[in-house]
Amino acid sequence: MSRNLNMRKAYGEELVAIGAENQNVVVLEADLGKSTMSIFFQQAYPERFFEMGIAEQDMVSTAAGLAAAGKIPFCSTFAVFMSGRAYDQIRQTVAIGRLNVKLCGSSAGLSDFGDGSTHQAVEDVALMCAIPGMTVLTPCDAADTRRAVRAALNIDGPVYIRVVRNDLPDYTSEAGAALNNIRVIREGGDVAVFAHGSMVSKAVEAAELLSSQGISAKVVSITVMKPFPQNEVLNIAKSVKAVVTAEDHTYIGGLAASVALTLRKSSVPLDYVAIDDVFGQSAHSVEELMVHYGLTAEHIAEKAASLLKNR
Amino acid sequence: MQNSETILKIRRLAAKIRKDIVMMIGCEGQTGHLGGSCSSADIVAALYGHRLRHDPRNPKWEERDRFIYSKGHAAIAQYAALAETGYFPVEELKTVKSLGSRLQGHPDMLKTPGVEAGTGSLGHGLSVSNGMALAMRLDARTGKVFCVIGDGELNEGQIWEAAMTAAYYKLDNLVAIVDRNHLQATGPCAERFGIDPIAEKWRSFGWHVIELDGHDIQAILDAFNEADSISGKPTVLIADTVKGKGISFAENVASFHNGMLTKEQYEIALQELDKELESLVSTESGEMKHE
């Protein structure tokens, strides 16, 4: 890790890359292309870019029609609108028809800090995971976002990609081309911290804190939330003494819930760091919000240390 | 003008569709969407029986026209048309809504040959049709997309989003047909939501509008031909229809939106439709006996 990169920029650039390789790739946007960065595709391939106005429901159903006629549409808007406003369209037409529509939920979690609760998707992963047949990808950095876009292209069926607004440390650019279900970001033997998205960097910071207390923490990025990599998670959990999850999402229907389900027959102690059953709010920085809602390295380290102490 | 044999063929198909609809609903306590299926049966017959470029033996033929029943609750009319034109055996219609059947309560593109998209949550189908029309244009295909919408369905805001999209993208390879049967699930459209004036609304959204009698086959075919002559904008047919058309006791009765048939009603309906079918025989001169 040496530099911070932007996932949204990676999303837009990778769309252009796959658009060059595959003429069936089309992109739809709901008047937020300058934010989601789908504007890069509009500039590169205007004839395959469809501005759909501030009409997310129409955008998703139109994408369904394009997919039914053989295109591979990528739609983007803020995660809160993609997963919420267009939920019925995603469920009824895209998912029941197993149509090849790719949905990018941008500025997810608390990352749209200033806009407040209406713009902060704290339940999008739960909503999308609840839909039968949906693939849900939660990359942790720019390089993994590129892999997620490419993986989505190659998956035959609906895919939701969760993208965070702020710049994030680069952990995976040196890794191979494939999108792995999970990626070990840091090795460790006492506790495993499973995280996705922006919480991966918090988990790495937590591992540093734990190291100073003599605790060795393994940090694992979960890139595929659905289908959830149960075996891989279980194998790692069995190799440590405790497990902590960390997500920029409520604890309901997200990573904490999936890991708990995975460990249901295991005796490994588990705790989680997530947003409570509450909405977000405005703040002047995402860091301020993450402190307020308990999404910090200190919280992760504290939960890990406590689990090990009480074992 | 179409020749009278063509009209006769379409009318016979429409009568068969209505008969199939009645038989699919049956008289053993099952409910079915009789009203809106029968109101759009002539439009469906005109499409499947004549206008649509399609191949029942090759439902995925790339040069085909597309038919989207945005008012998916009328699926049984489409199933009848698909069966009668050879997509699957007419016998299979009996399985509708049975566990494991390819014929679901609402259209399912993965299960039923010839169904192009899942519909049922109202308001989606026109957007889906737009997407297909855009894809066909990108691929330089000459096919058209025909999308049947309910008048009650015009309550859905997404219809008007899609109306803007189609006009903005100048989708002249798209024809929407509003089945203007004046009744929605629980009563008259006029007493539920402000959908009038319908034609003016579509016109102001940038569409070419044709108003017609949705049970006049010649008028339906003429409207499709008129739509072919329009370039640079989508066309909508406002087809004035009668809910429950063709079945005397069900005409204009809202409770047959999704109702049951008694044994007596079932038999009356079949008798009426048999009589209609018998009247629609061609004569040597090609003239219709009927009317």
Side-chain angles (χ1 to χ4, degrees), chain A residues 19 22-31 41 45-75 77 81 85-103 131-133 156-158, chain B residues 59-70 72 104-112 115-141 143-145 147 156-169 171 173-174:
Chain A
N22 190 324
Q23 291 299 307
N24 282 325
V25 171
V26 297
V27 172
L28 297 88
E29 179 62 57
D31 199 26
F41 190 93
Y45 306 107
E47 71 290 351
R48 284 190 274 149
F49 178 89
F50 300 103
E51 176 53 69
M52 299 304 294
I54 310 163
E56 297 78 11
Q57 304 171 38
D58 183 47
M59 171 173 74
V60 170
S61 298
T62 304
L66 281 155
K71 300 297 165 193
I72 309 172
F74 280 71
C75 303
T77 182
F81 306 130
R85 187 69 181 250
Y87 180 85
D88 189 51
Q89 288 69 19
I90 294 171
R91 180 192 189 278
Q92 306 285 10
T93 312
V94 172
I96 290 180
R98 288 207 292 270
L99 285 166
N100 206 13
V101 176
K102 317 305 171 186
L103 309 157
I131 297 177
D156 184 20
Chain B
K60 299 285 181 195
W61 178 39
E62 290 191 333
E63 296 298 335
R64 72 191 183 281
D65 292 332
R66 263 76 167 178
F67 173 86
I68 303 294
Y69 230 152
S70 191
Q104 295 290 296
H106 286 81
D108 186 324
M109 62 178 288
L110 296 180
K111 292 193 162 75
T112 312
V115 167
E116 301 279 4
T119 51
S121 183
L122 293 172
H124 295 190
L126 187 58
S127 306
V128 174
S129 301
N130 286 343
M132 290 177 175
L134 286 169
M136 287 156 79
R137 182 155 80 190
L138 277 176
D139 291 340
R141 301 200 189 282
K144 287 199 134 174
V145 184
C147 177
E156 292 281 5
Q158 191 183 343
I159 289 290
W160 303 102
E161 296 180 5
M164 283 186 270
T165 297
Y168 178 73
Y169 284 105
L171 295 178
N173 55 348
L174 168 73

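In what follows, chains carry the letters A, B, and so on, assigned in the order in which the sequence lines appear, proteins first and then strands, with residues in each chain numbered from 1.
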Task: B/Arg64 atom CZ, neighbour heavy-atom count above 12 within 6.0 Å - done: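 Enclosed.
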Open item on the list: Is it the case that over 12 heavy atoms from other parts of the model lie below 6.0 angstrom from the CD atom of B/Glu62?
Closed with: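 Open.
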TODO: Return the option, out of A/Lys71, A/Arg48, A/Met59, with the maximum number of heavy-atom pairs under 4.5 Å with chain B.
DONE: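 Among A/Lys71, A/Arg48, A/Met59, the one with the most close pairs to chain B is A/Lys71.
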TODO: With a 4.5 Å cut-off on heavy-atom pairs, point out which of A/Ile96, A/Asn24, A/Thr93, A/Val94 contacts chain B the most.
DONE: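 The answer is A/Thr93.
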Task: Most contacts with chain A, counted as non-hydrogen pairs under 4.5 angstrom, among B/Ile68, B/Asp139, B/Leu126, B/Asp108 - done: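 With the most close heavy-atom pairs to chain A, the winner is B/Asp139.
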At a 4.5 Å cut-off on heavy atoms, which part of [X] comes close to chain B: side chain, backbone, both, or neither?
X       : answer
A/Arg91 : neither
A/Val26 : side chain
A/Gln23 : neither
A/Ala55 : both

- [ ] Side chain from CB out, backbone as N, CA, C, O: work out which of these in B/Arg141 comes under 4.5 Å of a heavy atom of chain A, or both, or neither.
- [x]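 Nothing of B/Arg141, per the 4.5 Å heavy-atom cut-off to chain A.
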Quick check: closest heavy atoms across [X] and [Y], and the distance to 0.1 Å?
X        : Y        : result
B/Met132 : A/Ala69  : CA-CB, 4.3 Å
B/Gln158 : A/Ser61  : NE2-OG, 2.9 Å
A/Asp58  : B/Ser127 : OD1-OG, 2.6 Å

I need the [X] [atom1] to [Y] [atom2] distance, nearest 0.5 Å.
X        : Y        : atom1 : atom2 : answer
A/Arg98  : B/Leu110 : CZ    : CG    : 5.0 Å
B/Arg137 : A/Glu47  : CZ    : CD    : 12.5 Å
A/Phe50  : B/Asn130 : CZ    : CG    : 11.0 Å

TODO: Could you give me the CA-CA distance, side-chain angles and deciding distance for A/Leu99 and B/Met109, then say whether side-chain contact (heavy atoms from CB on, under 4.5 Å) is met?
DONE: CA-CA 10 Å; A/Leu99 285 166; B/Met109 62 178 288; 3.7 Å; yes
TODO: Would you sort out whether A/Met52 and B/Tyr169 count as a side-chain contact (heavy atoms from CB on, under 4.5 Å), showing the intermediate values?
DONE: CA-CA 10 Å; A/Met52 299 304 294; B/Tyr169 284 105; 4.2 Å; yes
